[in-house]
Amino acid sequence: MADADHAAWRRHLGEDVEPAALRERLTAGTLSACFAATAAERGDAPALEVDGAAASHGELDDRAARVAGFLRGRGVARGDRVLLCAPTSLELVVAYLGTLRAGATAMPCDAALTADELAHLLGDARPAAAFVARDAREHLDRVGRVTTVVAIGGPGDGGPALADALEARAIAPEPDPGPAMLAYTSGTTGRPKGVPLTHANVLASIRGAMLAWRWTADDVLVHALPLSHQHGLSGVHATLLAGSRAVVAGRFEPAVLCDAIAARRATVLFAVPAMYERLDEWEGIAGADLSSLRLAVSGSAPLSPALAERIAARLGQVPLERYGSTEAGLDVSNLYDGPRRPGRVGWPLPGIELRLAASESGDEASGGEILLRGPQVFGGYWHRPEATAEALSEDGWFRTGDLGRVDAQDGSLEITGRSKELIISGGLNVYPREVEIVLEEHPAVERVAVAGVPSERWGEEVVAFVVADGDLDAEALIALCRERLSAYKCPKRVVVLDELPVNRMGKVRRDALATMAGDGGD
């Protein structure tokens, strides 16, 4: 499974495409230069609509050029980090594009971060500027200062609004920019790690998917994914590279999403399994006109075969499941032309090499850890040499921490588990140790372990298993988490145990915890 050698990709790209030529094609240019080239060709074509606010390719390019000029004028230089902390909006996209055009490095983060979570990012990355919503501005004032703070969605105390930045002089794309993005992902120790992604990393990731999914300028994408995460942001990248159109909802509501698909005659849908679950449960789904969709993509969490079958009956097609990560972008996908096998994520996308490390048992049928290599893969964590050495081999293989099996007959990949104990709830990553650290502060908690428990709605739900020292108020524990953590990281349930299940080395057996959650811990 190497160098996009699967027959389906080779037929699509042409039999004469060599790996080196393919990599050059995937990584050529910079995001800003490519977006500007698209705008020059399709300036009047509609590009992006977010909750009713819309802009053409030319308008986005002009606004990005002026935001870039504003940042330069404020002393933001090549490679400086720029924090982006606001809910999904057209203004957020303009701020992101302006950051890239200035040659700076975008730091997108969840607008719901607590002050404690935001403080860590500020201390670790030390951004030179920030585009923030009012709530995030209040956190910034509490935990630390950034030299230039621009308000998104309205004027902010002590700083200009984005409209002021749009009055600046327009500048051309920086020809030699710094990293495109510094994304953050939590580690098993609970401390978020920075993932620098170059322009080549991001371009290779989305271009590989666009080739495989046959994306053209005629496509219309609809989704309701947050633009602070790479899943949602990848749709913006594809749209601005292809000269196509995207319609994004700031919040997911089945009726709103389906109305947008019908009204815009959308051809592509991005969603996570939790969204597909809500679509299937929505009483109006039977009457929704989804006939224009040629492709429905599912990612960020496992899609259960049962849900895939139910959604296929609604959409007239099995969702195309794919697999990726913060560190390596989009990597594996089912075939556009099929067959799409529920429970399997498919084959390496163009440019990616994939292999499995030997399992502890040495039994090939049991699979092993998924390893990836290619231009999509990052070069190492931000200021974390030890973590980088653990994650990347000397010859460039990224150890994903995910476990998989490859079908002996067709070569497709199945995800069988996660060696890093990652919980994916509603398409968002939750690391148990980050939650455990907060729970351990409660005086009634003697021992605690956090694990993901299968959930039809969320894929997995976060559950806390607690050995208590005296009386324990479960609601008080959850409330403590809500003060310190984003809502999606907080436990949905607390299960009280007499003792945690451990192995002979004293390590918690998280596989046993899921069983205990099912029977209430008895």
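Numbering of residues begins at 1 and proceeds along the displayed sequence.
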Between Pro108 and Ser228, which heavy-atom pair has the shortest distance, and what is it? CB-O, 3.8 Å

Residue pairs passing the side-chain hydrogen bond (donor to acceptor under 3.5 Å, both in side chains) test with at least one member in residues 165-175, sequence neighbours excluded, are Arg72-Glu174

Within this structure, what is the OG-CG distance for the pair Ser333 and Leu211, rounded to the nearest 0.5 Å? 12.0 Å

salt_bridge(Arg78, Asp176) N-O dist < 4.0 Å: yes

Are Val236 and Leu227 side-chain neighbours, meaning at least one heavy-atom pair lies under 4.5 Å? yes

Tell me if a side-chain donor or acceptor on Ser205 pairs with a main-chain N or O of Gln376 at a distance below 3.5 Å. no

For Asp80, the salt bridge (Lys or Arg N to Asp or Glu O under 4.0 Å) test, sequence neighbours excluded, returns none

Answer yes when Arg399 and Glu390 have at least one side-chain N-carboxylate O distance shorter than 4.0 Å, and no when they do not. no

Using a cut-off of 6.0 Å, state whether more than 12 heavy atoms not belonging to Glu441 lie near its atom CD. yes

Between Ile352 and Arg373, is there a side-chain heavy-atom distance shorter than 4.5 Å? no

So, does His199 use its side chain to make a donor-acceptor pair with the main chain of Leu31 at under 3.5 Å? yes

Backbone N or O of Leu303 within a donor-acceptor pair of the Glu321 side chain at under 3.5 Å? yes

Taking Ser486 for its side chain and Tyr488 for its backbone only, find out whether a donor-acceptor pair lies under 3.5 Å. no

All heavy atoms of Thr99 vs all of Ala95, minimum pair found to be OG1-O, 2.8 Å

Under 4.5 Å between any side-chain heavy atoms of Val67 and Phe131, yes or no? yes

Are the ring centres of Phe378 and Phe398 closer than 6.0 Å? yes

Is the Tyr96 ring parallel, tilted or perpendicular to the His237 ring (thresholds 30°, 60°)? tilted

So, are Asp51 and Arg251 salt-bridged, with charged N and O less than 4.0 Å apart? no

Residues that Thr147 engages under side-chain hydrogen bond (donor to acceptor under 3.5 Å, both in side chains), provided they are two or more places apart: none

For His57 and Thr38, run side-chain hydrogen bond (donor to acceptor under 3.5 Å, both in side chains): C-alpha distance rounded to whole Å, both residues' side-chain angles, the deciding distance at 0.1 Å, then the answer. CA-CA 7 Å; His57 285 275; Thr38 300; 5.9 Å; no

Cation-pi, Trp382 ring and Lys193 (6.0 angstrom, 45 degrees): no

From CA spacing to verdict: salt bridge (charged side-chain N to carboxylate O under 4.0 Å, His left out), Asp331, Arg322: CA-CA 8 Å; Asp331 305 303; Arg322 56 78 170 170; over 6 Å; no

Would you say the side chain of Leu349 lies within less than 4.5 Å of the side chain of Val332, judging by non-hydrogen atoms? no

Closest non-hydrogen atom pair between Leu439 and Ala464, with its separation: CD1-CB, 3.7 Å

Can you see whether Thr114 engages Glu117 through a side-chain donor-acceptor pair at a distance of less than 3.5 angstrom? yes

Could you please spell out the steps behind the side-chain hydrogen bond (donor to acceptor under 3.5 Å, both in side chains) verdict for Tyr381 and Glu386? CA-CA 9 Å; Tyr381 292 106; Glu386 292 183 1; over 6 Å; no

Take atom CD in Glu440; do more than 12 heavy atoms of anything else shown fall under 6.0 Å from it? yes

Side chain to side chain, Arg214 and Leu295, heavy atoms closer than 4.5 Å: no

Shortest non-hydrogen pair, Ala86 vs Val132, comes out as CB-C, 4.3 Å

Rounding to 0.5 Å, atoms OG1 (Thr239) and CG (Asp219) come to a distance of 9.0 Å

If we ignore hydrogens and angles and just use 3.5 Å, is the side chain of His120 paired with the main-chain N or O of Pro192 as donor and acceptor? yes

Strictly below 4.0 Å, N to O, side chains only: are Glu353 and Arg23 in salt-bridge contact? yes

Is a side-chain N or O of Ser244 found less than 3.5 angstrom from the main chain of Leu240, in a donor-acceptor match? no

Pairwise side-chain contact, Pro491 with Leu477, heavy-atom cut-off 4.5 Å (strictly under): no

